[in-house]
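Beneath this line is the structure, given in structure tokens, with notes to follow.
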Amino acid sequence: MARVPSLLQHVCSLLLLAVCAHALKFDLEALPTHNKHSQRCIRNFVGKDTLVVVTAIVDGFKGDGMQVNMHITDAAGNEYGKPKDIAGEQRTVFTSHADAAFDVCFENILTGSRYVENPHRHVELDIDIGADAKDWSAIQATEKLKPVETELRRIEEMVAEIVSEMDYLRVREQKLRDTNESTNTRVKWFGFGTTFLLIALWGWQIMYLRAYFRSKHLI
């Protein structure tokens with residue numbers, strides 16, 4: 001019964017994210033050299049063959065003594081973009097290759113070309129996934145849809161994505177349950193084998209000691 005509330009919570013979180021999604025804003029400090037630990041990364045999960053649009057708006061300008069680089073990769077090792085020296089709006093569109101989490105990482109490096117009084121860049125990040133990543137205005141104009149029809153079409157695709165996500169969670173839950181049952185079976189047989197081995201060892205010790213005492217004419 002505990003699995004059902006978990007699935008409901010996950011679905012509710014997806015709905016809440018779809019309705020109340022806002023751009024993420026943060027300041028990125030500039031460092032003299034490249035350092036992997038100084039990167040600011042945002043992680044999100046995406047299903048296979050899903051459209052993703054990553055929009056980053058970085059203040060400042062090129063040649064101001066700082067260089068902001070962005071790197072997009074997923075847990076499966078796929079690379080989706082690596083734009084360098086970002087200033088202004090940078091949009092990256094890709095289709096995911098696997099069911100995996102992907103990271104959008106930023107780094108800010110001091111180039112040394114000029115003195116920087118405030119070594120920070122402000123970043124505004126917006127990640128649209130699936131139905132939210134589509135340009136519905138263009139779809140409405142191309143297919144000559146009414147605003148209500150366009151909104152219903154968007155909601156339909158969002159619901160289809162939630163159903164697909166629930167199917168993925170169900171399959172994943174089934175795999176975990178099969179693994180758990182297999183582990184329990186192995187542990188059970190290991191316990192039976194250990195018990196049988198101990199009983200056999202105990203019997204052998206009794207027979208050995210009895211034979212030893214008889215050879216010594218002690219019994």
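- Remark: Arg40 pairs with no residue by the salt bridge (charged side-chain N to carboxylate O under 4.0 Å, His left out) rule, at least two apart or across chains.
- Cluster annotation: Leu24 is connected to Val54 through the hydrophobic network of ILVMFWY side chains, with a link wherever side-chain heavy atoms come within less than 4.5 Å.
- At a threshold of 4.0 Å, the pair Asp103-Arg43 counts as salt-bridged, since one of the basic side-chain nitrogens sits closer than that to a carboxylate oxygen.
- The two residues Thr92 and Met70 make their nearest non-hydrogen contact at OG1-CE, 3.6 Å.
- Taking the salt bridge (charged side-chain N to carboxylate O under 4.0 Å, His left out) definition, one finds that Glu156 meets it with nothing, sequence neighbours left out.
- Applying the side-chain hydrogen bond (donor to acceptor under 3.5 Å, both in side chains) rule to pairs touching residues 138-150 yields Glu143-Arg153, sequence neighbours excluded.
- Residues Leu197 and Leu201 fail the side-chain proximity criterion, which asks for heavy atoms closer than 4.5 Å.
- Considering only residues two or more places apart in sequence or on other chains, Asp167 meets the side chain to side chain donor-acceptor pair (under 3.5 Å) condition with none of them.
- Contacts classified as ring-ring contact (aromatic ring centres under 6.0 Å, His included) and involving residues 52-90 (residues at least two apart or in different chains) are given here: Tyr80-Phe94, Tyr80-His97.
- With values rounded to the nearest 0.5 angstrom, Asp85 atom CG is found 10.5 Å from Gln90 atom CD.
- In this structure, the side chains of Ile127 and Val52 come closer than 4.5 Å at one or more pairs of heavy atoms.
- Cluster annotation: Ile42 and Val58 are assigned to the same hydrophobic cluster (Ile/Leu/Val/Met/Phe/Trp/Tyr, side-chain heavy-atom contacts under 4.5 Å, transitive).
- Cluster partners of Leu51, by chain and number: Val53, Val93. The rule joins Ile, Leu, Val, Met, Phe, Trp and Tyr whenever side-chain heavy atoms lie under 4.5 Å apart.
- If you take CD1 on Ile139 and CG on Leu145, they are separated by 8.5 Å, rounding to the nearest 0.5 Å.
- At least one side-chain heavy atom of Leu125 sits less than 4.5 Å from a side-chain heavy atom of Phe106.
- Here CG of Asn108 is found 5.0 Å from CG of Leu28. Values are rounded to the nearest 0.5 Å.
- The salt bridge (charged side-chain N to carboxylate O under 4.0 Å, His left out) test applied to Asp27 returns no partner, not counting sequence neighbours.
- Going from atom CD1 of Ile72 over to atom SG of Cys41 covers 11.0 Å, rounded to the nearest 0.5 Å.
- With ring centers used as reference points, Phe45 lies under 6.0 Å from Tyr168.
- Between the Asn180 side chain and the Leu176 main chain, no donor and acceptor come within less than 3.5 Å of each other.
- In this structure, Thr111 and Met66 have side chains that are not in contact, with every pair of non-hydrogen atoms separated by 4.5 Å or more.
- Screening residues 123-146 for ring-ring contact (aromatic ring centres under 6.0 Å, His included) gives no qualifying pairs among residues at least two apart or on separate chains.
- Taking OG1 of Thr50 as the start and CD1 of Ile129 as the end, the distance is 8.0 Å to the nearest 0.5 Å.
- Take Phe190 and apply the ring pair (Phe, Tyr, Trp, His ring centres under 6.0 Å) test, not counting sequence neighbours, and it matches no residue.
- Proximity of Arg121 to Asp59: side-chain heavy atoms (C-beta onward) are separated by under 4.5 Å at one or more points.
- Residue Trp189 is found in a hydrophobic cluster whose other members, listed by chain and number, are Phe192; membership requires side-chain heavy atoms under 4.5 Å apart, directly or through intermediates.
- The side-chain heavy atoms of Val68 and Glu107, taken from C-beta on, include no pair separated by under 4.5 Å.
- In this structure, Glu165 and Glu161 have side chains that are not in contact, with every pair of non-hydrogen atoms separated by 4.5 Å or more.
- Of all heavy-atom pairs spanning Ala76 and Ala98, the tightest one is CB-CB, 4.2 Å.
- The ring pair (Phe, Tyr, Trp, His ring centres under 6.0 Å) test applied to Trp202 returns no partner, not counting sequence neighbours.
- Rounded to the nearest 0.5 Å, atoms NZ (Lys48) and OG (Ser96) are 9.0 Å apart.
- When all heavy atoms of Gly81 and Pro83 are compared, the pair lying nearest together is C-CD, 3.5 Å.
- Ile199 belongs to no hydrophobic cluster with other residues, because no ILVMFWY side-chain heavy atom falls under 4.5 Å from its own, directly or through intermediates.
- Of the charged side-chain nitrogens involved, at least one lies within less than 4.0 Å of a carboxylate oxygen, so that Lys134 and Glu157 count as a salt-bridged pair.
- For the pair Gln67/Lys84, a side-chain contact is recorded, criterion being any heavy-atom separation below 4.5 Å from C-beta on.
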